[in-house]
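Computed from a prediction, not measured in an experiment: that's the story for all the values here.
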Amino acid sequence: MNIKEAFHSRRFKYGALSTAISAIFIVLIIIFNVVASLLTDKFPLTIDLTPNSAFKLSQESIDFVRNLSKDVSVYVLANEKNLESSGDLYTSQIKSVIDQYSQYNSHISTSYVDIVKDPTFVTQYSDLNLSYNDVLITCGTKSRKLSLSSMFNISTNQYTGQQSIRSSKAEQLMTAAIMGVTSDSNVKVAFLTGHEEAQMTSFQELLTQNNFEISTINLTTDEIPGDIDVLFMLAPQRDPDNDQLQKLDTFLENGQRYGKMLFYAADAGQVPTPNLDAFLSDWGVAVGEGSVAETDTSKIFNYNPYFCTVEFTADDYTDEVNTTIKPSMPFGRPLEVLYEAQSGYLTQTLLSYSDTAAVVPVNAASDWQPAEADLHSVPALVRSTYLRYDGLDPLQSHVFVASSASSMENALISSKSVSNADYYLQLLNTVTERGDVISIAPKELGGSELGITQLQATMISSVLIYVLPILIVVIGLIIWIRRRHK
């Protein structure tokens with residue numbers, strides 16, 4: 001067959017048609033992939049099959065983002081391709097969450113800036129000390145810095161000290177940061193210093209992440225600004241004098257407008273503070289001597305009777321709290337409510353130690369054991385409110401007294417085994433009447449726990465490591481012997 005006949009043969013025609021169809025099909029697939037890629041970059045078209053939708057924004061965040069009318073810029077200071085190819089499940093989840101905000105609202109833009117290749121970017125924000133793997137969120141003149149590492153909840157093995165990622169809080173931090181830079185007003189919280197107070201940095205970070213504006217005030221040398229909404233005084237080791245306590249009175253009175261809050265937390269290791277005790281007694285609360293210990297082992301942690309849970313005595317501030325998970329007030333001092341109502345002051349016990357708790361005296365012997373009569377419930381958190389009326393309008397300021405400053409330690413604030421973080425946030429959000437609050441749970445990506453005891457785990461591992469291999473060898477030998485003698 002010559003060349004001309006070959007081109008006109010039926011075989012060539014069918015072959016050419018098949019090739020053309022294949023080529024067109026391949027081109028269509030390429031075009032489809034390109035269009036699909038462009039659409040998924042702009043719109044949330046992916047399907048999340050994880051049990052808790054870990055790779056998708058919650059409906060609360062979506063509703064908030066869709067209603068934004070201000071322009072927000074999100075800068076991820078990392079190489080985008082490196083994040084995509086990291087192979088780490090949590091890193092992939094964080095990137096997926098960050099990318100989705102701009103997909104729900106065109107007012108939000110997301111950019112990846114490799115500051116190794118473009119180091120001049122950080123000079124525009126020299127006051128923020130930006131570094132690689134930070135996330136910068138800006139709106140107008142407001143900005144908020146996060147780090148990718150801060151988007152993990154980390155757990156530490158108490159025996160080995162080894163750390164592991166427990167869950168992701170990427171959505172929680174991102175939504176809070178966007179709310180912070182777009183909000184027209186933030187609640188201002190100040191932590192008092194000057195008397196060797198405990199500085200709970202993890203608790204301060206928790207408040208910052210939830211859009212409270214944090215500062216410190218030296219009660220010894222500084223005046224309290226009028227725009228401060230909440231003061232924290234945590235376990236001072238020196239007693240304030242009367243002039244310094246008068247600053248607290250003036251703050252709470254607020255020029256007869258009231259509307260302020262003071263949160264005081266005691267500690268079992270404090271020195272005597274008679275001036276401060278007198279101030280608190282005017283508000284109807286006394287902080288006693290000694291430490292509260294729990295005798296019911298089901299209510300303690302790490303076999304430590306001073307490290308125990310407390311009970312919800314009132315329903316206040318529990319609307320967004322899982323009340324089946326108790327708060328903890330470790331190493332607390334006993335509180336006493338001096339009156340329920342007096343001269344405009346109203347007191348309310350919010351949290352209490354259980355009726356199987358006891359107060360261990362300061363100088364108790366190492367083998368001290370409580371008698372049956374020593375076991376009783378003790379207040380762990382008390383709210384005192386001064387209330388007056390301007391016509392029909394109520395005006396009030398609050399003083400909260402907690403038995404334990406340790407309740408704000410990182411181990412408890414970051415733990416989901418206790419409800420300290422949720423409860424304290426709900427308390428602050430309610431008292432300061434914040435309306436721009438979204439509660440977002442951390443997202444776990446690992447499998448569910450089997451929920452077995454240590455004995456069961458040992459038995460299972462023994463079967464897998466020893467019994468099963470031996471059984472396989474024995475069966476193999478039996479089969480080999482039988483076949484050999486056939």
> Side chains of Glu294 and Ser354: is there a donor and an acceptor less than 3.5 Å apart?
Replying inline: yes

> Backbone N or O of Thr250 within a donor-acceptor pair of the Asn254 side chain at under 3.5 Å?
Replying inline: no

> Sequence neighbours excluded, which residues qualify as salt bridge (charged side-chain N to carboxylate O under 4.0 Å, His left out) partners of Asp367?
Replying inline: none

> Do we see a donor-acceptor contact under 3.5 Å between the side chains of Gln396 and Thr385?
Replying inline: no

>> Looking at Phe212, I'd like to know if the NZ or CZ of Arg434 sits under 6.0 Å from its six-membered ring centre while staying within 45 degrees of the ring's axis.
In response: yes

> Hey, is the main chain of Ser147 close enough, under 3.5 Å, to the side chain of Ser150 for a donor-acceptor pair?
Replying inline: yes

> Okay, side chain of Ser291, backbone of Phe331: is any donor-acceptor separation there less than 3.5 Å?
Replying inline: no

> Of all heavy-atom pairs between Ile137 and Val72, which one has the smallest distance, and what is that distance?
Replying inline: CG2-CG1, 3.8 Å

> With distance as the sole criterion, is a donor-acceptor pair present between the side chains of Gln244 and Asp241 under 3.5 Å?
Replying inline: yes

> Between Tyr264 and Phe400, does a ring-ring contact (aromatic ring centres under 6.0 Å, His included) hold up when you go through it step by step?
Replying inline: CA-CA 6 Å; Tyr264 170 77; Phe400 290 82; over 10 Å; no

> Under 3.5 Å, side chain of Ser407 to main-chain N/O of Ser404, donor-acceptor pair present?
Replying inline: yes

> Would Tyr424 and Tyr317 count as a ring-ring contact (aromatic ring centres under 6.0 Å, His included) if you check the C-alpha gap in whole Å, the side-chain angles of each, and the deciding distance to 0.1 Å?
Replying inline: CA-CA 8 Å; Tyr424 279 140; Tyr317 320 123; over 10 Å; no

> What residues form a salt bridge (charged side-chain N to carboxylate O under 4.0 Å, His left out) with Glu205, not counting sequence neighbours?
Replying inline: none

>> For a 4.5 angstrom cut-off between non-hydrogen side-chain atoms, does Val359 reach Val378?
In response: yes

>> I'd like to know if the side chain of Glu171 and the backbone of Ser58 have a donor-acceptor N/O pair within less than 3.5 Å.
In response: yes

>> Just to verify, what does Glu311 make a salt bridge (charged side-chain N to carboxylate O under 4.0 Å, His left out) with, not counting sequence neighbours?
In response: Lys326

>> When you measure from the side chain of Lys299 to the backbone of Ala357, do you find a donor-acceptor pair of N or O atoms at a distance under 3.5 Å?
In response: no

>> Set out, in order, the CA-CA distance, both residues' side-chain angles and the distance that settles salt bridge (charged side-chain N to carboxylate O under 4.0 Å, His left out) for Lys95 and Asp99, then state yes or no.
In response: CA-CA 6 Å; Lys95 184 182 184 304; Asp99 289 344; 2.6 Å; yes

>> I'd like to know if the side chain of Gln270 pairs up with that of Arg333 as donor and acceptor (distance under 3.5 Å, no hydrogens or angles considered).
In response: yes

> So, Asn133 side chain and Ser149 main chain: donor-acceptor pair closer than 3.5 Å or not?
Replying inline: no

